[in-house]
Amino acid sequence: MKPKITLLASLLAAGTAPAFAAGLACANDSIAALESADLSISQIETVGAGDDFAADHCRILGVAHARTGADGKDYQISFELRLPNDWNQRFVHQFNGGNDGSVVPAVGELKGGDESDTALNRGYAVVSSDAGHASDANPEAGLAGGARFGFDPEARRDYGYTAVSKLHPLATTLVETYYDNRIEYTYGVGGSNGGRHAMVAASRMPEAFDGLLVGYPGFNLPRAAVQHAWDIQAFKAINGDVRTAFSREQLKAVADGIAQACDSLDGLEDGYIADTDACQTTFNIQSLQCDAAMTGHCLSKAQVAALTAIHNGPVNSQGVPLYSDWPWDIGIGSGDWRFWKLETPIPPWNNQPLIGVMGSASLAQLFTTPPTEVAGTPQALEQYLLDFDFDSDAPKIYATTDRYTESAMDYMTPPDSENPTLADFNDQGGKMLIFHGVSDPVFSVNDTTNWYQKLDANNNDQVEAFARYYRVPGMPHGAGGPTVDDFDFFTALVDWVEQAKAPEAVVAGVMPGNDDAMAQLGQVERKLCPYPQVARYSGGDEASADSFACE
């Protein structure tokens, strides 16, 4: 396919290239050549290969589009650009997760279980940013400080989509100026909120990227945040303490019950449930409710009711769905599921779950309009979710005011997410590979599946020509958990973009150190099949991916 035309190449062709020195030296002496009205460089340094990085490279720190916000606070897009000495003429825009707010090292994590396998180590230039705000800018707000930028309309917009569109052309120009050579292929990579960034870029910047790797995307983040309130209220109702609503043993019993009902549906009882869809009609949570004849870690009626409500998803008093339903899967017994939903080992959070701290602050100050200032204590953040009204408060994710002219759904979600076509991205020759863990406790894989089904229908059932989607059974929020987590979707994407080799099954193994997977599966390999195919056992060595066929 034809690589994207970057900004510098366009300016060179027009004879209006900026007055940057060709062949940028990796030293602070080059800073003056890079300064502009929109861009300031604070440091340029060489970084040698070592324990943290396998590639010798140049590191550039800078800021773009500095301004004073409507809230009187100072804002800027802080970024880091890493440029390997042995460059492969390719560039990765690293989309970060959470509420952003810090410049995560620009190494280009490829979202598999092997964190040492990065785009930088493969020879890619990589940029990372804080998406236009600093998470530590409001220390007086306590645990709510990381989302306090939600009181500035432009900071909201930068977080949602404009920080990427502002930084991207500046970063590609810096790369091409530094090497005195053009970028051949441009990629975007992200998971969670970073996956959302990638999906937004496909809609809002369809010409900017040749390939996008979209991991467990929070593309419907405001709606998913409503689920946080739904979850906390459901858990609190069990015994008055979210952290102890379920013991670890009880959630393991749920995971075991799901496995007992569903493990054989893919042709092999192996602790791995490949046929997710069939499992939803086979497993019944009621079967785990305690009765006189049951022993072991069964569930109370209140616990069964809570899990049923959570998996059905939030609704208002009229029964109108406010987000999505969720699949039953064995990852419910993982530490990651518990960390997000029930309990953390973090004393300053009063051991509250991530949805009850970061999730609450974000729902109050970012994802509802107008924003609600919430105190930054664990108790106040939990109380905000407990008081959240699904009739009067949930519609605020769609609300606007004279000050906040874009709703959270406007600035956070891809513009066409309700009826996606990605026509411009497809017309530009872009390729997208999406993957999502079936046991994700934060963003429902069912929501992503529904989006992909709509995208397919709107492309005459030919979506696989430019977008392919993979579900990872057992995987919670990111690589890890009781599943195969040693996978490489990025290589499949690159081969598709650069060699027109469309991805099929991706072979995944178990990463060393993944104790959950070793206990559940042992040392095995499995095929991750493009949706809607399912990996079914066809006979032979049960530990080998070759013994499974995508059907």
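Fair warning: this is a prediction, and the values are worked out from it, not measured in the lab.
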Peer 1: Pick one: which of Leu120, Val104, Val189, Val127 meets side chain to side chain contact (heavy atoms under 4.5 Å, CB included) with Gln94?
Peer 2: Val104

Peer 1: I want to check something: taking the side chain as every heavy atom from C-beta on, are Ile330 and Cys262 in contact at a cut-off of under 4.5 Å?
Peer 2: no

Peer 1: Donor-acceptor pair, distance only, cut-off 3.5 Å: does the side chain of Ser135 make one with the backbone of Ser102?
Peer 2: no

Peer 1: So, are Asp486 and Lys111 salt-bridged, with charged N and O less than 4.0 Å apart?
Peer 2: no

Peer 1: May I have all residue pairs that pass salt bridge (charged side-chain N to carboxylate O under 4.0 Å, His left out) and include part of residues 258-270, sequence neighbours excluded?
Peer 2: Asp270-Arg526

Peer 1: Cation-pi check for Trp230 against Lys341: NZ or CZ below 6.0 Å from the six-membered ring centre and within 45 degrees of the axis, yes or no?
Peer 2: no

Peer 1: Is there a side-chain contact between Asn220 and Phe443 in this structure, where contact means two heavy atoms from C-beta onward sitting under 4.5 Å apart?
Peer 2: no

Peer 1: Okay, side chain of Asp130, backbone of Ser78: is any donor-acceptor separation there less than 3.5 Å?
Peer 2: yes

Peer 1: Rounded to the nearest 0.5 Å, what separation is found between the CZ atom of Arg90 and the OH atom of Tyr124?
Peer 2: 6.0 Å

Peer 1: Please determine whether the number of non-hydrogen atoms from other residues, nucleotides or ligands lying under 6.0 Å from atom NZ of Lys236 exceeds 12.
Peer 2: yes

Peer 1: Of the non-hydrogen atoms in Gln233 and Phe388, which two are nearest, and what is the gap between them?
Peer 2: NE2-O, 3.0 Å

Peer 1: Salt bridge between Asp447 and Arg223, side-chain N to carboxylate O under 4.0 Å?
Peer 2: no

Peer 1: If you look at every heavy atom in Cys290 and Ser300, which pair is closest and at what distance?
Peer 2: SG-N, 4.3 Å

Peer 1: So do the side chains of Tyr185 and Phe91 get within less than 4.5 Å of each other, counting heavy atoms only?
Peer 2: no

Peer 1: Donor-acceptor pair, Asn351 side chain versus Glu343 backbone, under 3.5 Å?
Peer 2: no

Peer 1: Any side-chain donor paired with an acceptor under 3.5 Å for Thr46 and Asp56?
Peer 2: no

Peer 1: List the atom of Tyr470, the atom of Pro530, and the distance in Å for their closest heavy-atom pair.
Peer 2: CE2-N, 3.4 Å

Peer 1: Please list all pairs passing the disulfide bond (SG atoms under 2.5 Å apart) test where one or both residues lie in residues 504-551, with sequence neighbours left out.
Peer 2: Cys529-Cys550

Peer 1: Verify the neighbour count for atom CD of Gln260: are there more than 12 heavy atoms of other residues, nucleotides or ligands below 6.0 Å?
Peer 2: no

Peer 1: When rounded to the nearest 0.5 angstrom, what is the spacing between OG in Ser544 and NZ in Lys527?
Peer 2: 8.5 Å

Peer 1: Could you walk me through whether Ser324 and Asn450 satisfy the side chain to side chain donor-acceptor pair (under 3.5 Å) test, starting with their C-alpha distance in whole Å, then the side-chain angles of each, then the deciding distance to 0.1 Å, before giving a yes or no?
Peer 2: CA-CA 9 Å; Ser324 173; Asn450 182 53; over 6 Å; no

Peer 1: Please walk me through it: do Gln303 and Gln250 pass side chain to side chain donor-acceptor pair (under 3.5 Å)?
Peer 2: CA-CA 10 Å; Gln303 288 174 319; Gln250 285 174 322; 2.9 Å; yes

Peer 1: Are any non-hydrogen side-chain atoms of Thr282 and Leu265 less than 4.5 angstrom apart?
Peer 2: yes

Peer 1: Working to the nearest 0.5 Å, report the span between OG of Ser129 and CG of Leu81.
Peer 2: 11.5 Å

Peer 1: Got Leu363 and Ser360 here, is their nearest side-chain heavy-atom distance under 4.5 Å?
Peer 2: no

Peer 1: Between Glu525 (side chain) and Ala543 (backbone), is there a donor-acceptor pair under 3.5 Å?
Peer 2: no

Peer 1: Just wondering, more than 12 heavy atoms not from Asp515 lying within 6.0 Å of its CG?
Peer 2: no

Peer 1: Under 3.5 Å, is there a donor-acceptor pair between the His477 and Asp440 side chains?
Peer 2: yes

Peer 1: Between Thr118 and Arg82, do the side chains contain a donor N or O and an acceptor N or O under 3.5 Å apart?
Peer 2: no

Peer 1: Testing His436, Gln453, Arg471 one by one against Tyr531 for a side-chain hydrogen bond (donor to acceptor under 3.5 Å, both in side chains), which residue passes?
Peer 2: Gln453

Peer 1: Could you go through the ring-ring contact (aromatic ring centres under 6.0 Å, His included) check for Phe149 and Tyr159 one step at a time?
Peer 2: CA-CA 9 Å; Phe149 72 93; Tyr159 172 56; 5.4 Å; yes

Peer 1: For atom CD of Glu551, is the number of surrounding heavy atoms from other residues, nucleotides or ligands below 6.0 Å larger than 12?
Peer 2: yes

Peer 1: Does the side chain of Tyr469 pick up a donor-acceptor pair with the side chain of Thr449 at under 3.5 Å?
Peer 2: yes

Peer 1: Sub-3.5 Å donor-acceptor pair from the side chain of Asp210 to the main-chain atoms of Thr186, do we have one?
Peer 2: yes

Peer 1: Report the relative orientation of the aromatic rings in Phe435 and Phe489; use parallel for angles under 30°, tilted for 30 to 60°, perpendicular for over 60°.
Peer 2: parallel

Peer 1: Looking only at the side chains, is there a donor atom on one of His197 and Asp100 sitting less than 3.5 Å from an acceptor on the other?
Peer 2: yes

Peer 1: Between Pro476 and Asp336, what is the shortest heavy-atom contact and its length?
Peer 2: CB-OD2, 3.2 Å

Peer 1: For the residue pair Ile60 and Leu83, what are the closest heavy atoms and their distance?
Peer 2: CD1-CD1, 3.7 Å

Peer 1: Minimum heavy-atom separation for Gly331 to Ser439, with atom names?
Peer 2: N-OG, 2.9 Å

